[in-house]
Amino acid sequence: AFGGRRGVLDSGLPPLTFVTAYLLSGANLTVSLAAALVAGIVVTVLRVVNHDTLRHALAGFGAVALAAFVASRTGRPQDYFLPSLLANAAAAIAWAISIWIRRPFLGLTVGALTRSSAWRTDPVMLHAYCRASWIWVASFLVRVALMTPLWMAGMTVTLGLMKVALGWPMVLVVIWLSWLVVEPAHRARRATLAATGNAS
C-alpha cells in the first residue's frame with residue numbers, strides 16, 4: 001500500500017538529488033531541478049522495469065515534476081518542497097474529516113488490502129481505527145510544523161534533509177503505532193468469532 005521496500009528509495013532519491021546538486025552547483029536552481037527530474041525519471045523507469053503499476057510510477061514522477069515546476073516558476077529553491085508541504089496540510093484535514101464522518105482512511109486502506117469491511121460494523125474496531133487515524137493526522141501536522149519555518153526562512157538544504165527524515169522513517173513509526181492501537185481490536189474480534197463458532 002505504501003510502496004514496499006523500494007518506497008524508501010523512490011521517495012528519498014529525488015529530494016536528496018536536488019539538495020546534492022544544489023550544493024555542488026553553487027545554488028544553481030536550474031541544475032538542481034534538472035537533477036531532481038533525472039532522478040525522478042530513473043525511479044519511474046525502475047518501477048516500470050520491475051513491473052510496478054503504471055499508476056504508482058506516474059504518480060511518483062508527477063510529484064517530482066510538480067515540485068520542479070513550482071520552483072521554476074517562482075525562482076525560489078525552497079519552493080521545490082512547497083507542494084509536499086501543502087499536501088501534508090491537506091492530508092491532515094482530509095484524514096481528520098474521515099474520522100469525523102466515521103470512515104477513517106486507515107480503516108478504508110486496511111479494508112481494501114484485506115478485502116474486509118468488518119471494521120465498519122464492529123464498534124470496537126471502528127473506534128480503534130479512528131484513534132489510530134489520529135496518529136496519521138499528527139504525523140502530517142508534525143511535517144507542516146517543522147518544515148514551514150524552514151521554508152519561510154529559505155533553508156533549502158535543511159528542508160531537503162528534513163523531508164527525507166520525516167518521510168519513510170516517520171511512516172514506519174506511524175505504521176507501528178497504528179498497529180499497536182488496532183491489533184487489540186482485531187484480536188478481540190477473532191476471540192469473539194471463535195467463541196461464537198464454538199457455541200454454535
Answer yes or no: is there a donor N or O on one side and an acceptor on the other, between the side chain of Arg143 and the main chain of Leu166, under 3.5 Å?
yes
Rounded to the nearest 0.5 Å, what separates atom NZ in Lys163 from atom CZ in Phe18?
11.5 Å
Could you tell me how the ring of Trp136 sits relative to the ring of Phe140: parallel (under 30°), tilted (30 to 60°) or perpendicular (over 60°)?
tilted
Are Leu146 and Leu150 joined in one hydrophobic group, where the rule is that I, L, V, M, F, W and Y side chains link up if heavy atoms are under 4.5 Å apart?
yes
Between Val70 and Tyr22, is there a shared hydrophobic cluster once you connect ILVMFWY residues whose side-chain heavy atoms come closer than 4.5 Å?
yes
Could you see if Val157 belongs to whatever hydrophobic cluster contains Val31? Use Ile, Leu, Val, Met, Phe, Trp, Tyr and a side-chain cutoff under 4.5 Å.
no
List the atom of Ala128, the atom of Val182, and the distance in Å for their closest heavy-atom pair.
O-CG1, 3.8 Å
Leu23 with Leu33, same ILVMFWY side-chain cluster at under 4.5 Å
yes
Under 4.5 Å between any side-chain heavy atoms of Tyr80 and Ser32, yes or no?
no
When you measure from the side chain of Ser72 to the backbone of Phe69, do you find a donor-acceptor pair of N or O atoms at a distance under 3.5 Å?
yes
When rounded to the nearest 0.5 angstrom, what distance separates CG in Leu13 from CG in Leu46?
9.0 Å
Would you compute the distance between atom CG of Leu161 and atom OG1 of Thr156 and round it to the nearest 0.5 angstrom?
11.0 Å
If hydrophobic clusters are built by linking Ile, Leu, Val, Met, Phe, Trp and Tyr wherever their side-chain heavy atoms come under 4.5 Å apart, do Leu37 and Leu24 end up in the same one?
no
For residues Ala67 and Pro83, report the shortest heavy-atom separation together with the two atoms involved.
CA-CG, 3.8 Å
Side-chain contact test, heavy atoms from C-beta onward, threshold under 4.5 Å: evaluate it for Val19 versus Phe81 and give yes or no.
yes
So do Val124 and Arg189 actually touch side chain to side chain, heavy atoms under 4.5 Å?
no
What orientation do Tyr129 and His186 show, parallel under 30°, tilted 30 to 60°, or perpendicular over 60°?
perpendicular
Test item: Leu106 and Ser178 side chains (from C-beta on) under 4.5 Å apart, heavy atoms
yes
Using a 3.5 Å distance criterion without hydrogens, assess whether the side chain of Asn88 forms a donor-acceptor pair with backbone atoms of Ser84.
yes
Just wondering, do Trp119 and Val110 contact through their side chains at under 4.5 Å, heavy atoms?
no
In sequence, state the C-alpha distance, the side-chain angles, and the governing distance for Ile97 and Ile93, and then conclude on side chain to side chain contact (heavy atoms under 4.5 Å, CB included).
CA-CA 6 Å; Ile97 292 175; Ile93 295 173; 3.9 Å; yes
Residues passing the salt bridge (charged side-chain N to carboxylate O under 4.0 Å, His left out) test with Arg120, sequence neighbours excluded, are none
Shortest non-hydrogen separation from Phe105 to Ala94 and the atoms involved
CE1-O, 3.5 Å
Can you list the residues that meet the side chain to side chain donor-acceptor pair (under 3.5 Å) rule with Arg73, with sequence neighbours excluded?
none
When rounded to the nearest 0.5 angstrom, what is the spacing between CG in Leu177 and CZ in Arg131?
12.0 Å
Atom of Val174, atom of Ser139 and distance for their closest heavy-atom approach:
CG2-CB, 3.7 Å
Between Leu172 and Trp176, is there a side-chain heavy-atom distance shorter than 4.5 Å?
no
Where Ser25 and Ala21 come nearest, the two heavy atoms and their spacing:
OG-O, 2.6 Å
Distance check, rounded to the nearest 0.5 Å: Met147 atom CE versus Met152 atom CE?
14.0 Å
Please report the interatomic distance SG(Cys130) to CE(Met125), rounded to the nearest 0.5 Å.
12.0 Å
Within a strict 4.5 Å, meaning less than it, do heavy atoms of the Leu159 and Trp151 side chains meet?
yes
Considering only heavy atoms from C-beta outward, does the side chain of Thr17 approach that of Val38 to under 4.5 Å?
no
